[in-house]
Engineer: 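Before we start, here is the structure in question, set down as structure tokens.
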Amino acid sequence: MRYSVLHWRPTAIVGRILFLGLIWLPCASGLAAPSSPLPPRNQVAMPAANTDPDALLIAVYEALSANRLKEAQAKADELVTIYPNFRLGHLIRGDLLMMHASAVRKFGATENAPVGKMTDLRDEAMARLNSLRKRPDLDLMPRSVLQLMGQQKTVLVVDAKNSRLYVYENQGEQLKLLSDYYISQGKFGTDKTREGDQKTPIGVYYITSHLAKSRLPDFYGAGALPINYPNEWDKANGRNGSGIWLHGTPSDSYSRPPLASDGCVVLTNQDLEKLFSSVQIGKTPVIISNHVEFIGKAKWQSERDAAIKMTNKWRHDAESTDLARLSTNYSKKFKSDSGDDLKAWLAKNRDTLASFSGQATKLRDVSLFRYPGQNEMIVGTFTQDIPIGKTIKSIRKRQYWSKEGSQWKIIYEANI
């Protein structure tokens, strides 16, 4: 994976801000040091304005790296003035004030500070700085997004490990990174399986509604965007629970620690309000991964073409009305949404397949995603238009393809 890395001097910064406990050198964070020269700033997706809290945090640390304590203090003052409920900002400002009088060698130098609170704030600082250091190169693509249908304006890609949500714009056969935001996730991380486990689900979901601030308690901040957890694949695998939302923060806090919710994805209120304008109810996909993989455009295009080819082969085999030919696209482990195995499902659909009568069908409004998780899987959603006499029968369908050896096979299928 290749990242754009900001033009900072991490060694100098660490030497001068050891008191923050923010050890974010490549060797300390488990990352490989970049092997190529640092890219120019115009190749890095930076915060939109210098009043962005992350941009102000960067300014504080850059000033400290150059031993400009007064400038760092001024930036910290600006940070808490603009964001008065940003607790991390206040803590950093307090440490800077103490530096004027004496050496400060730990994060949160104030006495009698609750250990749990200090840990939460340190984790937030680490998450924010690490994600800014590793902003994805604009020439790279999120591997999970293979194709969006034309009406989908954006896709939201959540990287749980790095506490970040990326917003990509659909530009036909390309994607453009529009913005990204710090997020919090479930108290016990990801891979939700049951009600009350306080984990965030991993998978491909869709925004189902927009709940206005006026309809919700202050706990949810600026509002909420519920998603369709559990989806078909979750249900097929026995996962349960409900009420997984993208939502804001209470009015007395600017943000929450990285692991802080009951399973929801939590943004700051100002970021959520920006996000509202980017989503379409019922259409915007939300891909939640433990870790987002970014790949070069050539590899991305190759994988995209292969997924489209795979789906078109299924279409041609369905048009043939030959059940044996069609069955080659399906896994022996296949289950339908009604629980049928492959043999029973094909028998039930024999008449529907026969009605094709060899006529060409059309697939439209196609979206294709690599499904997050340990196993290689692709989920495709499309509308199939089937000519029957003088009429067209349209079926909205979702297929989950699993890689078995070198072959992709449908393991689950449902009409939606």
Side-chain angles (χ1 to χ4, degrees), residues 1-8 10 24 26 29-48 54 58 126-148 152-183 185 190 200 202-205 258 265 267 271 275 278 284-308 367-379 403:
M1 188 183 303
R2 188 172 83 253
Y3 291 101
S4 289
V5 184
L6 299 180
H7 283 196
W8 300 341
W24 44 279
S29 62
L31 298 169
S35 58
S36 57
L38 299 178
R41 284 185 180 268
N42 61 7
Q43 290 184 15
V44 183
M46 291 294 294
D54 289 328
I58 292 170
M126 290 283 286
R128 287 180 177 275
L129 287 172
N130 281 334
S131 64
L132 290 168
R133 280 191 65 249
K134 301 181 296 178
R135 304 183 79 86
D137 189 313
L138 298 184
D139 289 332
L140 300 182
M141 309 292 278
R143 192 182 183 197
S144 55
V145 185
L146 296 171
Q147 177 168 313
L148 296 174
Q152 290 171 322
K153 295 180 180 178
T154 58
V155 56
L156 312 183
V157 181
V158 176
D159 186 325
K161 180 180 179 180
N162 288 309
S163 300
R164 213 72 184 175
L165 182 153
Y166 300 95
V167 182
Y168 280 88
E169 180 182 52
N170 182 10
Q171 295 190 336
E173 295 189 0
Q174 294 292 325
L175 298 170
K176 178 183 178 182
L177 179 61
L178 291 182
S179 54
D180 63 291
Y181 306 110
Y182 167 80
I183 58 101
Q185 59 180 291
T190 56
T200 298
I202 293 296
V204 178
Y205 303 99
V265 174
L267 296 89
D271 289 344
L275 194 62
S278 300
T284 299
V286 182
I287 304 174
I288 307 176
S289 306
N290 274 316
H291 182 63
V292 176
E293 183 179 359
F294 296 95
I295 60 176
K297 288 183 179 178
K299 182 178 180 181
W300 177 82
Q301 187 66 53
S302 175
E303 294 190 357
R304 180 177 184 271
D305 291 344
I308 293 171
S367 65
L368 294 162
F369 304 101
R370 291 188 72 96
Y371 205 87
Q374 295 180 344
N375 300 321
E376 283 209 79
M377 194 161 69
I378 290 174
V379 54
K403 198 166 190 181

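All residue numbers in this chain count up from 1 along the given sequence. Fair warning: this is a prediction, and the values are worked out from it, not measured in the lab.
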Engineer: Checking T154 now: which residues fulfil side chain to side chain donor-acceptor pair (under 3.5 Å) with it, not counting sequence neighbours?
Structural biologist: none

Engineer: Report the C-alpha distance between L275 and L156 in whole Å, list the side-chain angles of each, state the deciding distance to 0.1 Å, and finish with yes or no for side-chain contact (heavy atoms from CB on, under 4.5 Å).
Structural biologist: CA-CA 9 Å; L275 194 62; L156 312 183; 3.8 Å; yes

Engineer: Given R164, which partner from the list D271, D159, D54 fulfils the salt bridge (Lys or Arg N to Asp or Glu O under 4.0 Å) test?
Structural biologist: D54

Engineer: At what distance, to the nearest 0.5 angstrom, does NZ of K161 lie from OG of S289?
Structural biologist: 12.5 Å

Engineer: What is the minimum heavy-atom distance between T284 and S278, and which atoms define it?
Structural biologist: OG1-O, 4.3 Å

Engineer: Got a salt bridge between E303 and R370, using NZ or NE/NH1/NH2 to carboxylate O under 4.0 Å?
Structural biologist: yes

Engineer: Specify the closest pair of heavy atoms between G172 and R304, including all atoms of both residues, with the distance to one decimal.
Structural biologist: O-NH2, 4.4 Å

Engineer: If we only count heavy atoms from C-beta on, is the L148 to L175 side-chain gap below 4.5 Å?
Structural biologist: yes

Engineer: So does T200 get a backbone contact from the side chain of Q185, meaning a donor-acceptor N/O pair under 3.5 Å?
Structural biologist: no

Engineer: With the side chain counted from C-beta on, respond yes when N170 and V155 share a heavy-atom pair under 4.5 Å apart, and no when they do not.
Structural biologist: no

Engineer: Using the rule side chain to side chain contact (heavy atoms under 4.5 Å, CB included), only one of V157, I378, I287 pairs with F369; which is it?
Structural biologist: I287

Engineer: So do Q174 and K176 actually touch side chain to side chain, heavy atoms under 4.5 Å?
Structural biologist: no

Engineer: Below 4.5 Å, heavy atoms only, C-beta onward: do M141 and K299 meet side chain to side chain?
Structural biologist: no

Engineer: Would you say S131's side chain and A127's backbone share a donor-acceptor pair under 3.5 angstrom?
Structural biologist: yes

Engineer: Around atom NZ of K297, are there more than 12 heavy atoms from other residues, nucleotides or ligands closer than 6.0 Å?
Structural biologist: yes

Engineer: Quick check: do W300 and P142 have side-chain heavy atoms less than 4.5 Å from each other?
Structural biologist: no

Engineer: Might you work through the side-chain contact (heavy atoms from CB on, under 4.5 Å) test for V145 and Y168, ending with a clear yes or no?
Structural biologist: CA-CA 10 Å; V145 185; Y168 280 88; over 6 Å; no

Engineer: Restricting to non-hydrogen atoms, name the atom on Y182 and the atom on P258 that form the minimum distance, rounded to 0.1 Å.
Structural biologist: OH-N, 3.2 Å

Engineer: To the closest 0.5 Å, what do you measure between NZ (K153) and CD (E169)?
Structural biologist: 10.0 Å

Engineer: Report the C-alpha separation of I288 and Y205 in whole Å, then their side-chain angles, then the decisive distance to 0.1 Å, and conclude whether the side-chain contact (heavy atoms from CB on, under 4.5 Å) test is met.
Structural biologist: CA-CA 8 Å; I288 307 176; Y205 303 99; 4.2 Å; yes

Engineer: Atom CG in D305, atom CD in E173: separation rounded to 0.5 Å?
Structural biologist: 8.0 Å

